Undergrad: 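Quick one: this structure, given as structure tokens, is what I'll be asking you about.
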Amino acid sequence: MSSKLAGPNIQLNELGKLKHFLTLEGLKAHHLTEILDTAESFINPVTNEIKKVPILRGKSIMNLFFEPSTRTRTTFEIAEKRLSADIESLDIQTSATKKGESLLDTLWNLQAMQADMFVIRHAESGAAHFFSQHVAPHVHVMNAGDGQHAHPTQAMLDMYTIRKHKGDIYDLTVAIIGDVLHSRVVRSQIQALSILEAREIRVIGPKTLMPESPEALGVHVYHNMEEGLKDVDVIIMVRLQNERMTSALIPSEKEFFKVYGLTEERLALAKPDAIVMHPGPINRGVEIDSAVADGSQSVILEQVTYGIAVRMAVMAIIMSNAAQLSQHKLEQEQQANLDLIEQNNQAEGTL
Amino acid sequence: MRRIIKNGRVIDPSQNLDKVTNVYFSRGRIVAVSDEAPEGFNADQEVDATGKWVLPGLVDLHARLGEPGSQYTGSIASETKAAVSGGITSICCPPDTAPVNDSQAVTELIQRRGRQAATAFVMPIGAMTQGLDGERLSNSFSLKDAGCIALSQANKPIQNSLTLKNALEYNSTLDIPIFLRSEDKQLRNGGIAHSGPVSSRLGLPENPPAAETAALARDLVLVEQSGVKAHFSQLSCARSVELIADAKKRGLPVTCDVAIHQLHLSEMDLLGFNSLFNVSPPLRSMSDKQALIYGVKTGVIDAIVSDHTPLDRDAKLLPFGESAPGISGLETLMALVLKLVQNGDLDLMTAVRSVTQKPAEIIDCKTGCLTEGHSADICIVDPEAIWTLDTQQMLSKGKNTPFAGWEFVGQVEQTFFQGRPVFRL
């Protein structure tokens, strides 16, 4: 058993390019910009339609969902189909592991069925890291959400949406409102915004929904909506899950809406051209007022479309990086051979 | 058979002894520690320990031996061999076996297996409640009669305050220590990582220090009220050290220990989601670690334990939160204690005392010292040997250690148990 620390950069290959997509932590701005630019190239600028391209023809992608999901799974499947990949989706919670098969045995069996990439959603933080350490070297892992840790493709589609409306991110003040403690989406959003050097990242919510050290994430914490929303460019609302009430983290939906709900009056505190985002599904009247959700500043539905393009972009980049790496290795080998021949020639010459 | 260990640097904290001299032993007992042979002592064998350290065999208050219940991850025979290879000759094993050690039959089984292995003292700790359910008191007087040297709840602390109060009061006349691990299950709320910057970043469920300290404060109140002799196991927080220091100042009959990995690792080690760092209580902050080391240094923390938990490969081949907590620690206890000395954190005498004299006193057993008439449990350490931990070389069936690849200075070269050689490098 290896005790070697597997830092976030296990997702980069020898050339420093994406090999897996597990988290945004440890990535550079150029990695993120490449994803956003590539995503843009898949979207028809006039009709907003997403093209079908043959980039992943002959490649096999398996979507492993250890945790239920409809939207993420559907957008991943659409993205894979638009890239012309062969796809297979498995609901693992209902099959193999119930029969007592170990997690890794399941993974290795699927790998033996010639998978090139796994898209994994799992309820444990760090699950995608774990799988990436145990797949064969040619197999890639994409994190479709692991526990409360990361949901990097969701965060990237949010960055895409922001860039689309606001241009460069470095000059923006962004407020994220709601359950930061339990949200993998928020963690990834914060990382993306930090990497792209947003001017200020604020998180707003009650203390019971904040992690122990939110400052460690590089954000400013507000417990008051009115103060936190002042002059922000982007407002990201986070879904409030029902179980937060039963575990006594907040008293009621009504009270939460009263203190942290996004109403038109509160929205007016932000910059006049501020945009409102929500990763969905939205709870109208719990975290967001219907008038705001359907209002002119809301970009909630666009996010879904961009989600497809961003996921296509990440998959395309990972596969092209792999091809580039094997090309690079081949060239190195050839160069080594040439060097050897030259050396031999020289040696002969000196004789 | 009569033996002499000659010219070694003999370090025995129980006698405040640290000098180059000889150890004489015969028929399993120490005869003398002196420069001159006792009258009429003719050795059958001489062991030259020039340049080596001669220590009492270590006493480990908390090591799981896998038996009964999970023999394939460790047996008393395999784990005692691992123990003596690390200089440990007395082992207390917690009651979270399968079945739970809440009956004379299980206690006797463990003792019998220990005697059969004949490699180290195996001292069972009995369960405080039946099946460790935290509700029904176990037959503690029978357990003591059968040979249990203490009672504990292992990693399942009693949550109900009234039950705990009753358990402590009932057992206050038992005259063996009660081992308590303080943890409030509700406050822990399924947390597996210290709540701090690392858990905030990784999104691992948070286990706050309050889960330990709030429970410890309650436990101390109940201990004071019952007058029981209590020993707190595996502290992990700076605040806990203060609470114990306070209790000791007030004259409470309490002692405590810390697991050796808490003195070397911290929450920062979780950054790669490596499940080998999953332990319970969790690895905490750097300042908690420093406070624990300081606690050992000042004597607030009495003993250092291995908290040995051998696990099979599959138990760790899982995402962090699904993996089983625990470290296979018998073979690294001595090396990691010596590392604290080399780092300048502890002086040698204090370090050795925390794994010999102090733990032996807590369970009131006559080991962990080299005084005349006591069991000849001795280990010889080469203080200059440099070695690297390789899991393939480990004797324990559990290879689950985060210390693989660590370089250590100082290695156990030979161990004697009851005067017989049981390990030789």
Side-chain angles (χ1 to χ4, degrees), chain A residues 1-10 22-23 25-26 66 97 102-105 107-108 120 122-134 145-151 180-188 190-191 194 203 210-219 221 247-249, chain B residues 186 189-210 261 265 267-278 284-285 311-323 327-328 332 388-392 394 398-406:
Chain A
M1 230 178 276
S2 158
S3 74
K4 226 167 76 189
L5 275 183
N9 282 346
I10 54 168
L22 311 173
T23 169
E25 196 170 0
F66 293 89
T97 45
S102 92
L103 213 50
L104 275 185
D105 285 328
L107 187 78
W108 287 332
I120 295 174
H122 197 282
E124 284 294 336
S125 300
H129 277 75
F130 172 77
F131 287 117
S132 73
Q133 284 166 299
H134 291 100
D146 62 329
Q148 302 166 9
H149 172 233
H151 195 351
V180 176
L181 175 61
H182 300 94
S183 174
R184 53 188 168 216
V185 177
V186 173
R187 279 190 181 76
S188 286
I190 291 171
Q191 279 155 4
S194 316
V203 295
M210 291 287 160
E212 175 72 20
S213 311
E215 329 71 59
L217 305 172
V219 297
V221 185
S247 50
L249 291 169
Chain B
Q186 272 89 38
N189 193 20
I192 47 172
H194 170 66
S195 45
V198 174
S199 67
S200 294
R201 273 169 67 188
L202 298 186
L204 287 169
E206 299 182 341
N207 179 336
H261 51 255
L265 306 174
E267 57 174 343
M268 300 305 283
D269 291 300
L270 265 51
L271 279 172
F273 287 113
N274 186 338
S275 58
L276 291 173
F277 292 94
N278 182 5
R284 297 207 181 269
S285 70
L311 296 168
D312 63 354
R313 227 171 90 85
D314 289 342
K316 287 290 190 188
L317 269 182
L318 286 166
F320 192 90
E322 288 184 354
S323 65
I327 289 176
S328 175
T332 42
T388 304
L389 180 66
D390 173 3
T391 50
Q392 300 297 318
M394 284 172 72
K399 316 291 181 198
N400 47 308
T401 172
F403 299 107
W406 280 42

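As a basis for the values below, the full set of heavy atoms in this structure was taken, side chains included, without hydrogen atoms, waters or symmetry mates. First the proteins, then the strands, lettered A, B, ... as listed; each starts at 1. It should be emphasised that the depicted structure is a prediction, and the values quoted were computed from it without experimental measurement.
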Undergrad: Rounded to the nearest 0.5 Å, what's the gap from CG on B:Leu270 to OG on A:Ser125? Could you check?
TA: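 Between atom CG of B:Leu270 and atom OG of A:Ser125 there are 11.0 Å.
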Undergrad: What's the separation between atom CG in B:Leu318 and atom CD in A:Glu124, rounded to the nearest 0.5 Å?
TA: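 B:Leu318 CG to A:Glu124 CD: 9.0 Å, rounded to 0.5 Å.
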Undergrad: Looking only at atom types and distance, does a side-chain atom of A:Glu212 sit under 3.5 Å from a main-chain N or O of B:Glu206, one as donor and one as acceptor?
TA: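 Looks like no, no N/O pair under 3.5 Å.
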Undergrad: Taking A:Pro211 as the fixed residue, which of B:Ser200, B:Pro197, B:Ser195 is the one that meets the side-chain contact (heavy atoms from CB on, under 4.5 Å) rule?
TA: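 When side-chain contact (heavy atoms from CB on, under 4.5 Å) is applied between A:Pro211 and each of B:Ser200, B:Pro197, B:Ser195, only B:Ser200 qualifies.
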Undergrad: Got a sec, which residues hit side-chain contact (heavy atoms from CB on, under 4.5 Å) with B:Thr388, two or more places apart in sequence or on another chain?
TA: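 side-chain contact (heavy atoms from CB on, under 4.5 Å) check on B:Thr388 returns B:Glu407.
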Undergrad: According to the interplanar angle, ranging from 0 to 90°, do the rings of B:Phe273 and A:His149 count as parallel (below 30°), tilted (30 to 60°) or perpendicular (above 60°)?
TA: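 Correct class here is perpendicular.
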Undergrad: Is chain B contacted by the side chain of A:Arg184, its backbone, both, or neither, given a heavy-atom distance below 4.5 Å?
TA: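 Neither part.
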Undergrad: With rounding to the nearest 0.5 Å, note down the distance linking OG in B:Ser275 to NE2 in A:His129.
TA: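 Output value for this atom pair is 13.5 Å.
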Undergrad: Picking from A:Pro214, A:Ala216, A:Ser213, which has the most non-hydrogen pairs under 4.5 angstrom with chain B?
TA: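 It is A:Ser213.
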Undergrad: Where is the tightest heavy-atom contact between A:His122 and B:Glu322, given as atom of each residue plus distance?
TA: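 That closest heavy-atom pairing would be CE1-OE2, 3.3 Å.
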Undergrad: Based on non-hydrogen pairs under 4.5 Å, which of A:His134, A:Met210, A:Arg187 is most in contact with chain B?
TA: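 Highest number of pairs under 4.5 Å: A:Arg187.
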Undergrad: With rounding to the nearest 0.5 Å, note down the distance linking OG1 in A:Thr23 to CG in B:Leu202.
TA: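 Here the rounded value is 8.5 Å.
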